[in-house]
Protein chains: 2
Amino acid sequence: MSVEHDSRQRVTIMDVAKRAGVSKGLVSFALNDRPGVSPESRERILTAARELGWTPSLRARSLSTRRSFALGLVVGRTPEVLGADPFFPSFIAGVESILAPEGRALVLSVVPDEEAELRTYRSLVADGRVDGVFLSDLRHNDPRIPLLVELGLPAVTLGRPEGLTPTDLNPAGRSPFPAVSIDDTVGIAESVRYLAGLGHSRIAHVAGSASMLHGSRRRMAFDDAVRAAGLAECQTIETDFSIGAGAAATRRLLDQDVPPTAIVFANDPMAIAGLGVAHELGLRIPGDLSITGFDDINFARYVYPPLTTVSTTPAQWGRAAARTLLFLMEHGSAEDVDLPAARLTVRGSAGAPASAAIATGT
Amino acid sequence: MSVEHDSRQRVTIMDVAKRAGVSKGLVSFALNDRPGVSPESRERILTAARELGWTPSLRARSLSTRRSFALGLVVGRTPEVLGADPFFPSFIAGVESILAPEGRALVLSVVPDEEAELRTYRSLVADGRVDGVFLSDLRHNDPRIPLLVELGLPAVTLGRPEGLTPTDLNPAGRSPFPAVSIDDTVGIAESVRYLAGLGHSRIAHVAGSASMLHGSRRRMAFDDAVRAAGLAECQTIETDFSIGAGAAATRRLLDQDVPPTAIVFANDPMAIAGLGVAHELGLRIPGDLSITGFDDINFARYVYPPLTTVSTTPAQWGRAAARTLLFLMEHGSAEDVDLPAARLTVRGSAGAPASAAIATGT
DNA sequence: ACCATAAACTGAACCGGTTTAGGTTTCCCA
DNA sequence: TGGGAAACCTAAACCGGTTCAGTTTATGGT
């Protein structure tokens with residue numbers, strides 16, 4: 001009994017209806033299991049559909065339901081920064097692992113600057129390409145938030161936004177979008193405590209961009225931890241998170257009369273660049289200089305010495321974000337999710353400073 | 001004269017037709033600039049559309065034209081391998097730079113294995129999600145090629161496929177899909193020649209997966225170059241392109257009685273891992289061991305010593321691939337594109353072997 | 001036996017475009 | 001002046017689903 005022979009004509013809901021001896025409306029009802037279909041009819045319809053190998057046309061569904069069954073991710077980074085950071089590949093893999101079984105697709109955009117980013121959101125909505133979006137790399141007074149509110153596009157933020165204007169807040173005074181967050185301050189605090197415990201007193205921080213929430217938050221965590229450890233003012237240099245900027249910052253720090261004995265980097269790419277600069281200057285690591293990173297990218301374990309860093313879980317973040325966004329779109333609201341805090345992973349790049357005398361200056 | 005006030009009702013082609021005093025069919029004609037529309041009408045219609053801020057509904061267009069105006073990229077890699085390799089972010093950025101102005105979106109899938117990969121292509125087609133796809137990471141007898149032929153999905157391959165069965169070939173005996181390629185054998189040959197020129201005679205190769213075309217092709221290029229340089233048989237170790245495998249391979253190579261004095265790695269992540277292993281073993285680079293990589297990822301310039309490697313241009317590849325795929329879809333066929341060969345970029349990780357005595361064994 | 005009500009189901013409108021068959025004009029030339 | 005072709009345009013069908021008003025059928029209460 002061959003039913004699969006394609007007669008050069010995609011099988012439609014009408015074919016299924018005819019074969020089951022019902023109207024196409026009822027087929028639709030049965031498929032979206034809604035009430036008002038007798039068990040027998042439902043069975044007959046589903047059987048017919050199976051026999052014909054029918055799958056409802058996504059395009060037709062899109063048109064009549066005004067949904068696209070796709071989610072969007074707009075990444076506003078230069079290829080330079082993007083390429084060095086394995087966050088997105090892992091994050092996307094996590095997202096996909098949730099979306100694929102649900103029959104939803106991910107529409108990805110990579111754009112170089114903020115203006116293009118906002119344009120992209122507008123056109124995604126104008127074209128009805130996506131039903132919701134992931135908002136990553138939050139910034140202070142992030143212009144994307146009011147834009148998405150204006151566009152009425154459901155979203156999930158990676159981390160809690162800050163600096164929202166009253167008009168953006170929802171009635172309860174909260175962010176208009178659910179946030180899926182991971183506490184990265186714990187890891188920074190642990191890094192500083194660990195270094196201080198090893199005997200370091202001149203600890204510097206190579207921070208990420210202050211305009212990015214995770215950049216400034218890690219910096220504040222660093223300052224707090226330094227203070228908590230009873231250390232004197234510690235140096236911080238702001239960068240844009242790029243490898244090159246990390247190398248330059250390291251050079252500046254080490255090129256001082258009294259250089260730091262340890263550097264806490266805001267991400268692993270910069271830390272690895274720092275490692276390179278230190279080697280180049282002939283410093284022993286961790287003897288002359290201790291280094292910690294943030295992210296625990298794959299490279300971290302394989303550079304020399306292996307990088308002591310803070311381990312994050314982007315794939316898990318992706319899964320949680322995808323689940324939250326799907327829930328939001330289905331139920332109209334969703335709870336914030338807090339993932340387990342990122343914790344310090346100790347490897348070889350940090351150790352006791354070689355000379356306490358130099359460190360204390362006495 | 002406010003026309004922008006949204007009356008809670010998206011403006012449709014009908015609104016434009018009414019305002020221009022024509023039928024909606026004619027609006028469609030004017031918009032897709034087809035013959036049979038008088039200049040005056042066309043002008044009136046376009047003006048009306050502009051005034052109303054009308055954009056044709058992508059969803060409606062999709063339904064009636066049976067196109068999705070989106071292209072697909074299915075990446076079959078584990079997050080582990082994917083995250084370390086900045087190829088895709090750059091490639092995607094290149095693709096996007098072409099697609100965005102054309103109003104096309106990129107649908108991205110990341111799947112862990114080949115089975116899921118094939119499933120994904122099937123469902124992308126069944127759902128009509130994409131009008132064409134990019135085929136990367138070509139493998140020998142790649143099962144995706146016959147699948148895409150069967151599905152009738154236009155595609156562009158990144159590199160020329162091999163091992164096609166006669167049924168897959170088109171009438172002219174060529175691959176059914178246009179290929180956008182970059183010659184990576186030149187870079188490998190240059191690496192070997194460069195090392196040989198420095199005085200190395202025991203050069204090893206840490207190859208990528210032999211099942212991947214670029215893995216085996218680079219390996220063959222290595223063998224050819226070694227022979228051309230008049231060197232004795234040189235060692236090769238096959239890996240899966242992952243950082244960890246690169247580290248393990250390096251360890252095995254260096255843990256021999258007569259270790260190589262230079263290693264040519266099939267990609268940068270493995271080369272960087274090799275650098276780490278060498279450092280760990282207390283070797284001086286390039287004095288005791290020379291290392292070359294492949295890709296010229298961002299990290300390459302910032303590790304110590306900076307990596308001598310072969311520079312590729314993934315963003316350019318992405319642009320060319322996107323242009324070719326768009327052309328293919330519009331005209332039904334497209335020419336192969338050959339990008340400039342990847343060339344060696346000399347930095348510090350390769351140099352003359354410290355002792356010619358050890359190198360020659362005399 | 002009869003009416004009320006719920007459950008099951010149908011038919012048609014609708015989503016917003018494209019496409020095609022056919023109908024007017026207009027213009028040209030015999 | 002008429003005939004024919006070309007240019008322009010309209011109306012309606014179509015893409016393949018969802019949805020809803022309304023009809024039929026089954027159930028139940030009195």
Q. What does B/Ser41 touch in the nucleic acid at a heavy-atom separation under 4.0 angstrom: a base, only the sugar-phosphate, or nothing?
A. sugar-phosphate
Q) Parallel under 30°, tilted from 30 to 60°, perpendicular over 60°: which one fits the rings of B/Phe91 and B/Phe87? A) parallel
Q. Starting at CZ of A/Arg67 and ending at P of D/dG17, how long is that distance when rounded to a whole Å?
A. 15 Å
**Q.** Beyond-backbone contact of A/Arg119 with A/Val111, side-chain heavy atoms, under 4.5 angstrom
**A.** no
Q. Where each residue is assigned the nucleotide of DNA chain D containing its nearest heavy atom, which of A/Ser64 and B/Ser64 is assigned the position nearer the 5′ end?
A. B/Ser64
(Q) Under 4.0 Å, counting only non-hydrogen atoms across every strand here, what does A/Val27 touch: a base, just sugar-phosphate, or nothing? (A) nothing
**Q.** B/Arg66 side-chain N/O to D/dC14 phosphate OP1/OP2 under 4.0 Å
**A.** no
Q: Please report, rounded to the nearest Å, how far the P atom of D/dG16 is from the CG atom of A/Leu31.
A: 16 Å
Q | Nucleotide nearest A/Phe29 (side chain, heavy atoms from C-beta), chosen from C/dT18, D/dG17, D/dC20 | A | D/dC20
Q) Are B/Arg59 and C/dC15 close enough that a side-chain N or O sits under 4.0 Å from OP1 or OP2? A) no
Q | Value in whole Å for how far the P atom of C/dC9 lies from NZ of A/Lys18 | A | 19 Å
Q: Determine, stepwise, if the pair A/Arg44 / A/Ser41 fulfils side chain to side chain donor-acceptor pair (under 3.5 Å).
A: CA-CA 5 Å; A/Arg44 222 163 354 108; A/Ser41 300; 3.2 Å; yes
Q. Nearest-Å distance, CG (B/Leu26) to C1' (D/dC9)?
A. 6 Å
Q | Side-chain ion pair, A/Glu102 and A/Arg323, N-O less than 4.0 Å | A | no
Q) Does B/Trp54 place a side-chain N or O at less than 4.0 Å from the phosphate oxygens OP1/OP2 of C/dG17? A) yes
Q. Which nucleotide in the list D/dT18, D/dC9, C/dG16 gets nearest to the side chain of B/Leu63?
A. C/dG16
(Q) Between A/Ser28 and D/dT18, is there a contact of a side-chain N or O with OP1 or OP2 at under 4.0 Å? (A) yes
**Q.** Donor-acceptor pair under 3.5 Å, B/Lys24 side chain vs C/dG17 base
**A.** yes
Q. How long is the span from the OG atom in A/Ser68 to the CG atom in A/Asp127, to the nearest 0.5 Å?
A. 10.5 Å
Q) For A/Ser38, which contact category applies under a 4.0 Å heavy-atom criterion: base, sugar-phosphate, or nothing? A) sugar-phosphate
Q) Quick one: do the B/Ser62 and B/Arg59 side chains pair a donor with an acceptor below 3.5 Å? A) no
**Q.** d(CZ, A/Arg61; P, C/dG17) in whole Å
**A.** 21 Å
Q | Most 5' of B/Val37 and B/Thr65 on DNA chain D, judged by nearest nucleotide | A | B/Val37
**Q.** Length of the line joining A/Asn32:CG and D/dG17:P, which is rounded to integer Å
**A.** 11 Å
Q. Any side-chain N or O of A/Ser23 under 4.0 Å from OP1/OP2 of C/dT10?
A. yes
Q: Nearest whole angstrom, please: distance from the C1' of C/dT19 to the CZ of B/Arg34.
A: 7 Å
Q) Which comes earlier along DNA chain C counting from the 5' end, the contact point of A/Pro39 or that of A/Gly25, where each point is its nearest nucleotide? A) A/Pro39
